[in-house]
Protein chains: 2
Amino acid sequence: MQQAHIAGRWLSTVHRYSYIFLSKTFAEYGIGQGQIKFLMILFEQDGVTQEHMAGELNIDKATVARAIRKLETEGYVIRKPHESDRRANLIFLTDKAKGIESVIKKEMTHWTETLTHGFSDEERQTAIELLKRMAGNAVKEVESMEEVKSNETAE
Amino acid sequence: MQQAHIAGRWLSTVHRYSYIFLSKTFAEYGIGQGQIKFLMILFEQDGVTQEHMAGELNIDKATVARAIRKLETEGYVIRKPHESDRRANLIFLTDKAKGIESVIKKEMTHWTETLTHGFSDEERQTAIELLKRMAGNAVKEVESMEEVKSNETAE
DNA sequence: GCTGAAAGGTTGCGTATGCAACTAAAATTG
DNA sequence: CAATTTTAGTTGCATACGCAACCTTTCAGC
């Protein structure tokens, strides 16, 4: 085996090039790479809170707030106040967003196919599964670091 | 198979949590996540140009310039003018950097082990190999997009 | 050897992100 | 039910990054 610490390098390269690709691809729609993931969530389940998205994507709620605001400004989503919890908003797709749903999904699929070009079906499946497990491990580790920290300050 | 476009989600989660972990881990040394990759390059080969690093990591030369400046400010590297090419600098590690080389490598290995927790040796190996191929595919695709663009403007 | 193109670096600007601090509205608890 | 804690969201600040424009220096072609 090579140096174990080399994994992060490829990960970081894939991430940065995904950023470049998605930014260029959706620029003509006024959508940045950072907003796509929220649209993808909404395509699955429309009308959720920002908190829900933050939890679903394991992303900071401040980042959610800004991404949703940008999408709202561009006319892709609207915020409706939650009827029984006045702290929360529910986020809904507009027709403008629904109109480009298929384009977005097509490009996302295209990018995944690009990344896994030359992979066998099995390798493609394995790649996704291993990445999912890595994501789970990453989240668990960082959360355990935070627990340690909050226990310390509580003493 | 699930939706193909789901791969990017895990990728992005792993990347963001790597960012969080590495930022926290190296904060006490005055080193950010963004500088680590350059130190790793220098641990392999000391005394290279910024251009070399940009090529090696497929990273923008402006980002290299800023990361190296930060490392220089913190006393981890020095820039020496290239003796035969007055445009270029050669970047060398200081003793301060060499003194924490083992710590950095240890933490990087630890993080990789965390990400691949519960993986068999074969899965760990596969994960690294598939990521490497994905990175290669990503770079190739974006470069081909740029070629198309420059051909268009040249006409 | 000039001239124009290419290469190495830097800086300005914009985006995506995390963290900390904040507000306002629930929810919990004594 | 009043006081405290938690939750949903926003804003300020800092970091990492890409792209474009720029400056020097080097190189290639004539």
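To find a chain, count down the sequence lines: A is the first, B the second, and so on, and within it residues start at 1. What you see is a predicted model; the values in this text were computed from it and never measured.
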**Student:** Whole-Å distance between dA16(C) C1' and Ile20(A) CD1?
**Tutor:**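 Answer to the nearest Å: 14 Å.
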**Student:** Does a side-chain heavy-atom distance below 4.5 Å link Ile59(B) with Met53(B)?
**Tutor:**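 When only atoms from C-beta onward are counted, Met53(B) and Ile59(B) do not touch, as no gap falls below 4.5 Å.
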**Student:** Using a cut-off of less than 4.0 Å, is there contact between a side-chain N or O of Arg86(A) and OP1 or OP2 of dA24(C)?
**Tutor:**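 Checking dA24(C) against Arg86(A), no side-chain N or O comes under 4.0 Å of OP1 or OP2.
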**Student:** Just one of Ile41(A), Leu131(A), Asn58(A) clears the side-chain contact (heavy atoms from CB on, under 4.5 Å) bar with Arg9(B), so which one?
**Tutor:**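 The single option meeting the side-chain contact (heavy atoms from CB on, under 4.5 Å) with Arg9(B) is Ile41(A).
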**Student:** More than 12 heavy atoms of other residues, nucleotides or ligands under 6.0 Å from NZ of Lys98(B): is that the case?
**Tutor:**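 Yes - once you tally the heavy atoms of other residues, nucleotides and ligands closer than 6.0 Å, there are more than 12.
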**Student:** Roughly, in whole Å, what's the span from CD1 in Ile68(A) to P in dT17(C)?
**Tutor:**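 Going from CD1 in Ile68(A) over to P in dT17(C) covers 12 Å.
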**Student:** Please state how far atom CD in Glu143(B) lies from atom C1' in dG18(D), giving the value in whole angstrom units.
**Tutor:**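 To the nearest whole Å, that distance equals 15 Å.
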**Student:** For the pair made of NE2 in His82(B) and P in dA7(C), what is the distance, rounded to whole Å?
**Tutor:**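 Computing the His82(B):NE2 to dA7(C):P distance gives 15 Å.
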**Student:** Roughly how many Å is it from CE in Met53(B) to P in dT10(C), rounded to a whole number?
**Tutor:**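 Value for this atom pair: 11 Å.
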**Student:** Would you check if Leu57(A) and Thr13(B) make a side-chain contact, meaning some heavy-atom pair closer than 4.5 Å?
**Tutor:**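 Sidechains of Thr13(B) and Leu57(A): no contact.
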**Student:** Let me know the distance between CG of Leu57(A) and P of dA16(C), rounded to the nearest Å.
**Tutor:**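 These atoms are roughly 15 Å apart.
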**Student:** Answer yes or no: is there a side-chain heavy-atom contact under 4.5 Å between Asp121(A) and Arg124(A)?
**Tutor:**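 A side-chain contact exists here, since the closest heavy-atom pair is under 4.5 Å.
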**Student:** Take nucleotides 9-17 of chain D nucleotide by nucleotide from the 5' end and write B, S or -, depending on whether a protein heavy atom sits under 4.0 Å from the base, only from the sugar-phosphate, or from neither.
**Tutor:** BBBBB--SS
**Student:** Does the side chain of Lys24(A) get closer than 4.0 angstrom to OP1 or OP2 of dG18(D) through an N or O atom?
**Tutor:**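 So the side chain of Lys24(A) is outside the cut-off, no N or O lying under 4.0 Å from OP1 or OP2 of dG18(D).
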**Student:** Take Tyr17(B) and Val48(B), find for each the nucleotide of DNA chain C with the closest heavy atom, and name the residue whose nucleotide sits nearer the 5' end.
**Tutor:**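 With Tyr17(B) and Val48(B) compared, the 5'-side residue is Val48(B).
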**Student:** Do Phe119(A) and Thr126(A) make a side-chain contact, defined as non-hydrogen atoms from C-beta onward lying under 4.5 Å apart?
**Tutor:**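 Phe119(A) vs Thr126(A): side chains apart.
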